[in-house]
Chemist: 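The structure is given below, and queries will be raised subsequently.
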Amino acid sequence: TQLLEQSPQFLSIQEGENLTVYCNSSSVFSSLQWYRQEPGEGPVLLVTVVTGGEVKKLKRLTFQFGDARKDSSLHITAAQPGDTGLYLCAGEGNAGGTSYGKLTFGQGTILTVHP
Amino acid sequence: DAGVTQSPTHLIKTRGQQVTLRCSPKSGHDTVSWYQQALGQGPQFIFQYYEEEERQRGNFPDRFSGHQFPNYSSELNVNALLLGDSALYLCASSLFTYEQYFGPGTRLTVT
């Protein structure tokens, strides 16, 4: 069974601070996706990383996929109140190619950015 | 370009009843996946449909079944509802196995 451990579970910071969310697994994934979810809504895809060591930037958000494709991180620079929400990482597939298309989610990180 | 749509938005059922949830995928997508999200948890994979066949299945009992229609829309059926089935049910669509886009979900409450 593939598992994704996401940390921290809760993060409460002031506007302008930087933060990093971590997503770790003992399993290899074909790709890893980061989502943001608002209360009562479905997750919204932020980014997909596919290659080990890959780094993608989306404005103030930086996503990194580990060299071994087992872990990932999300770094937010100068957080704003609009960044508040639930952040989810999700691993897709596995090294053997037998669970392609299946997303395994972490428990999520609830981020609150105070003005 | 319409995104993923789901119906109904909310549903209240009694233990032992059956429920059907519906999903229309994003335009151009051919694969539909269903997830269950309990309060405070990440979504859990139920199953995935491609070309009207169940292609992948997660650790959910046979009470959970589904269907995909020729127009790629999908249904999730849950029989003999239990209190523990109360959750947000999410549908996601994709083009084959690539990036999945989620709908707003159906909030199911079992009393």
Side-chain angles (χ1 to χ4, degrees), chain A residues 1-10 21-25 27 29-50 56 58 63 65 72 74 85-94 96-111, chain B residues 3-11 21 23-26 29-51 53-60 68 74 87-109:
Chain A
T1 303
Q2 295 177 299
L3 291 173
L4 265 175
E5 297 285 336
Q6 199 171 329
S7 62
Q9 269 191 279
F10 302 94
V21 178
Y22 299 94
C23 189
N24 296 294
S25 175
S27 304
F29 291 101
S30 301
S31 68
L32 197 134
Q33 302 175 14
W34 284 91
Y35 292 85
R36 180 181 157 189
Q37 186 176 21
E38 300 289 343
E41 298 180 10
V44 174
L45 181 65
L46 296 174
V47 78
T48 298
V49 285
V50 179
K56 279 193 175 178
L58 189 66
F63 305 86
F65 202 12
S72 181
L74 157 61
L86 173 66
Y87 289 83
L88 294 159
C89 63
E92 184 269 326
N94 60 14
T98 56
S99 63
Y100 52 86
K102 170 187 172 183
L103 291 181
T104 299
F105 280 86
Q107 277 206 307
T109 295
I110 297 175
L111 171 64
Chain B
V4 180
T5 59
Q6 292 185 243
S7 63
T9 305
H10 296 88
L11 206 49
L21 310 182
C23 171
S24 290
K26 184 178 167 69
H29 286 181
D30 58 7
T31 301
V32 173
S33 304
W34 287 92
Y35 294 82
Q36 179 195 66
Q37 186 176 25
L39 207 59
Q41 304 288 321
Q44 297 287 315
F45 176 78
I46 302 175
F47 43 53
Q48 183 180 82
Y49 278 84
Y50 172 69
E51 290 188 340
E53 296 285 333
E54 182 182 290
R55 182 169 63 183
Q56 294 270 354
R57 189 177 181 94
N59 295 324
F60 279 80
Q68 185 180 35
S74 176
L88 180 68
Y89 287 85
L90 296 163
C91 167
S93 74
S94 58
L95 182 61
F96 196 54
T97 64
Y98 203 49
E99 296 173 331
Q100 295 187 25
Y101 292 84
F102 284 80
T106 293
R107 171 68 63 187
L108 172 65
T109 302

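Order of the sequence lines fixes the chain letters, A, B, ..., with proteins taken first and strands second; residue numbering starts at 1 for each chain.
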Chemist: With a 4.5 angstrom heavy-atom cut-off, which part of B:Gln6 approaches chain A: side chain, backbone, both or neither?
Modeler: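 Interface part for B:Gln6: neither.
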Chemist: Mind listing the closest non-hydrogen atom pair of A:Gln37 and B:Leu88 along with its distance?
Modeler: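 In this case the closest contact between A:Gln37 and B:Leu88 is NE2-CD2, 4.0 Å.
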Chemist: Taking OH in B:Tyr50 as the centre, count heavy atoms belonging to other residues, nucleotides or ligands within less than 6.0 Å. Is the count above 12?
Modeler: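 Count over threshold, so yes.
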Chemist: Roughly how far, to the nearest 0.5 Å, is CZ of B:Phe102 from CG of A:Leu88?
Modeler: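 So the gap between those two atoms works out to 8.5 Å.
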Chemist: Please determine, among B:Arg107, B:Arg57, B:Gln44, B:Gln37, the option with the most heavy-atom pairs under 4.5 Å with chain A.
Modeler: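 Top option by heavy-atom pairs under 4.5 Å: B:Gln37.
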Chemist: Tell me, do B:Leu90 and A:Pro43 make a side-chain contact under 4.5 Å, heavy atoms counted?
Modeler: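 B:Leu90 vs A:Pro43: side chains touch.
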Chemist: If you round to the nearest 0.5 Å, how far is CD of B:Glu99 from CD of A:Gln33?
Modeler: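 Going from CD on A:Gln33 over to CD on B:Glu99, the span is 6.0 Å.
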Chemist: Sort out for me which of A:Thr48, A:Leu86, A:Thr104 touches chain B most, counting heavy-atom pairs under 4.5 Å.
Modeler: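 Among the listed options, the one with the most contacts to chain B is A:Thr48.
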Chemist: State, yes or no, whether a side-chain contact exists between B:Tyr101 and A:Leu45 at a heavy-atom distance under 4.5 Å.
Modeler: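 When only atoms from C-beta onward are counted, A:Leu45 and B:Tyr101 do touch, with a gap below 4.5 Å.
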Chemist: Out of B:Gly40, B:Ser33, B:Gly42, which one racks up the most heavy-atom pairs below 4.5 Å with chain A?
Modeler: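 Of B:Gly40, B:Ser33, B:Gly42, B:Gly42 has the most heavy-atom pairs under 4.5 Å with chain A.
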Chemist: Would you say CD of A:Glu38 has more than 12 non-hydrogen atoms from neighbouring residues, nucleotides or ligands within 6.0 angstrom?
Modeler: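 Yes, enclosed.
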Chemist: So what's closer than 4.5 Å to chain B heavy atoms on A:Leu4: side chain, backbone, both or neither?
Modeler: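 A:Leu4 has no heavy atom closer than 4.5 Å to chain B.
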Chemist: Going through the checks in order, is the side chain to side chain donor-acceptor pair (under 3.5 Å) test met by A:Glu92 and B:Gln100?
Modeler: CA-CA 10 Å; A:Glu92 184 269 326; B:Gln100 295 187 25; over 6 Å; no
Chemist: Is B:Tyr35 in contact with chain A via its backbone, its side chain, both, or neither, using a 4.5 Å heavy-atom distance?
Modeler: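 When you check distances to chain A, only side chain atoms of B:Tyr35 fall under 4.5 Å.
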